[in-house]
Amino acid sequence: MKLCLRFHCTALLAMGALLAAGNAAAVPRDPFAVQALEPDTPETKEARRLQMAHDMDVWLRRLVGRFRIEGVSYVDAQGMGGAQQGGGGSSQGSSQGSSSSSGASGSDSSSSSQGSSSGTEASAKTVKGMEDCIGLGTGAGVQCVVNVVWDEDWGADGQPAEAGVSSLAPAMIEYGFDPVASRISYLQVDNQSFAQGGAGTLKGDTLTSRTRCVNSAAMPPCAQVLRIYAPEGASYVQMWIDTEKNYERTSTLMLYLRRTSPDDKGDAASNVKLPQLPADQDKSKQNQDKTKQDPTQPPNPQRQRQSAPRFPSPSFPGGGRSRR
Amino acid sequence: MAAAAVPPAPSPAADATTGGEQQLGQVTVEGTRLKATRSAQKIVDWLKRLVGPFRYEGSVELGGEGASRQALPVSGVADCTAFGRASGVSCTMMVTWPEVHGENGAQVPGGVSTLAPAIIQYGLDPDHIGIRYLQVDNKGLANYGQGYLVGDTLTTTTPCVGIEGECRRITTIDAHPDGNTTEMRIDIEQDFVRTVRFSFVLHRLSPGQFRRGGGTSR
């Protein structure tokens, strides 16, 4: 029955296409007419470049403000399998602000797994957080401090599961643009001080960038695809951060950033559970350990839980920085 | 390691002075090839030297090689904060120098400070055991750099931003081991000719000095 229905639909579409072709045939058209009418002169190139520079300037300013973040951290079923094959626990802090490697363990509370986190089925977790972005002077430069958390997921071997631990708790992101190359550059420094940056292109209201995952030298080919959708006049910004390993998507971080008032502290309302320091820990010893830690090594889960997110706000004498 | 270029022994005639210029019979060039550090810990230690409040001094040299050069005195302050477990660094700076314009008010590369204010963010590049940074100026222009640490010096060569044609920006940052002084030099080369040189010396300030404005005359 379904097959029959599909056949009828296909036939109808084909007939429609023939009719349309017949009507079009009445008005002869040169398939190369568009190219012939609009040659790409240096003037049009320059005009397009200037327009793009203007668009990037306008778009970047939409990122400024304080945002409350909600979203989902989604791990693909095949991604988990891929991570098991290739990760081997050697990677951490990769891409999308989520540490990744093999292994998984159960999670509690806000995680809404679509299957068990045994490493074979997809899972999704609720993500919450805040972002604070300021404009730089009168230009379009933007600096953001972001704090995104979700329930941590550690493997039995002490390594974070695929997208199991947020490295965006906190992280700093800086945006600027190159008007000649028509690109928007950004650099994200995560809570392990790993820098991941690149340049993206703006199409409409969406910035798209593809970069290599950070700390992925020992991993199979790994890429992070960042998309930011910031429409004009909207009270929200959307972000998608995909991680691809072996050219297949393994995890996605979908963030919905809702603009909020500058006074919104966020913590209580968004129910963000900040990692707590164990009460009996000697803080000075922790600091010593932190300085001795080799940043290229996988993190110690216990240490990872100890890093309390914060919103550093570098102040400047004379009020050099301005909020827009 | 040393490299030497020794041309064939010249004939006595070649040693003679010709046209007011003396021809050298033998030229020896020696150099040492420095290796980039492969220790992430050394990079972290280097990054920590950048943290804190600093006062800017130095000069901006306008004009290409051969053209009349003009050195403009620089003043300003910066505040750099550590970030993350391994000391990522985020700096906010306010650096100025006397404005210079071309004929009819035309813009001159480096003639007007775009670092008032500007932000620069440094982080670890664990894949290459190097450093990545992004500087965004007050126009929103982003200078992305990625380089290696050799000794106490980070050197990056990147394409210029906002300047058309063959242009590159060579940045060297030398953070002294005592952490009190950092020298920063940025050369803008257009068609392989240096057109601007920014020479900054950063002196560490005490928090009290920084709150008072860094002792600058602004």
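Letters A, B, ... are given to chains in the order of the sequence lines, protein chains preceding strands, and every chain is numbered from 1. Fair warning: this is a prediction, and the values are worked out from it, not measured in the lab.
- In this structure, the side chain of S199(B) does not engage the main chain of G58(B) through any donor-acceptor pair within 3.5 Å.
- Within residues 176-186 of chain A, the residues approaching chain B closer than 4.5 Å by heavy atoms are, in numerical order, G176(A), F177(A), D178(A), P179(A), V180(A), S185(A), Y186(A).
- Looking at I43(B), neither its backbone nor its side chain comes within 4.5 Å of chain A, counting heavy atoms on both sides.
- Taken to the nearest 0.5 Å, the CG atom of L202(B) stands 8.0 Å off from the CE atom of M93(B).
- Heavy-atom distances place no part of N143(B) under 4.5 Å from chain A, backbone and side chain included.
- Aromatic ring centres of F198(B) and W97(B): separated by under 6.0 Å.
- Heavy-atom distances place the backbone of C160(B), and not its side chain, under 4.5 Å from chain A.
- Only the backbone of I120(B) comes within less than 4.5 Å of a heavy atom of chain A; no side-chain atom from C-beta onward does.
- Between the side chains of S90(B) and Q143(A), at least one donor-acceptor pair of N or O atoms lies under 3.5 Å.
- Across all non-hydrogen atoms, the minimal contact from T114(B) to A118(B) is O-CB, 4.2 Å.
- The 12-atom threshold is not exceeded at NE2 of H54(A), counting heavy atoms of other residues, nucleotides or ligands nearer than 6.0 Å.
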List the atom pairs, with distances to 0.1 Å, where a side-chain N or O of residues 145-158 of chain B and a protein N or O form a donor-acceptor pair under 3.5 Å, not counting sequence neighbours.
{"from": "Q146(B)", "atom 1": "NE2", "to": "D125(B)", "atom 2": "OD2", "distance (Å)": "2.9"}
{"from": "D152(B)", "atom 1": "OD1", "to": "R49(B)", "atom 2": "NH1", "distance (Å)": "2.9"}
{"from": "T156(B)", "atom 1": "OG1", "to": "Y133(B)", "atom 2": "OH", "distance (Å)": "3.0"}

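- Between V51(B) and S87(B) the shortest heavy-atom distance is CG2-OG, 4.1 Å.
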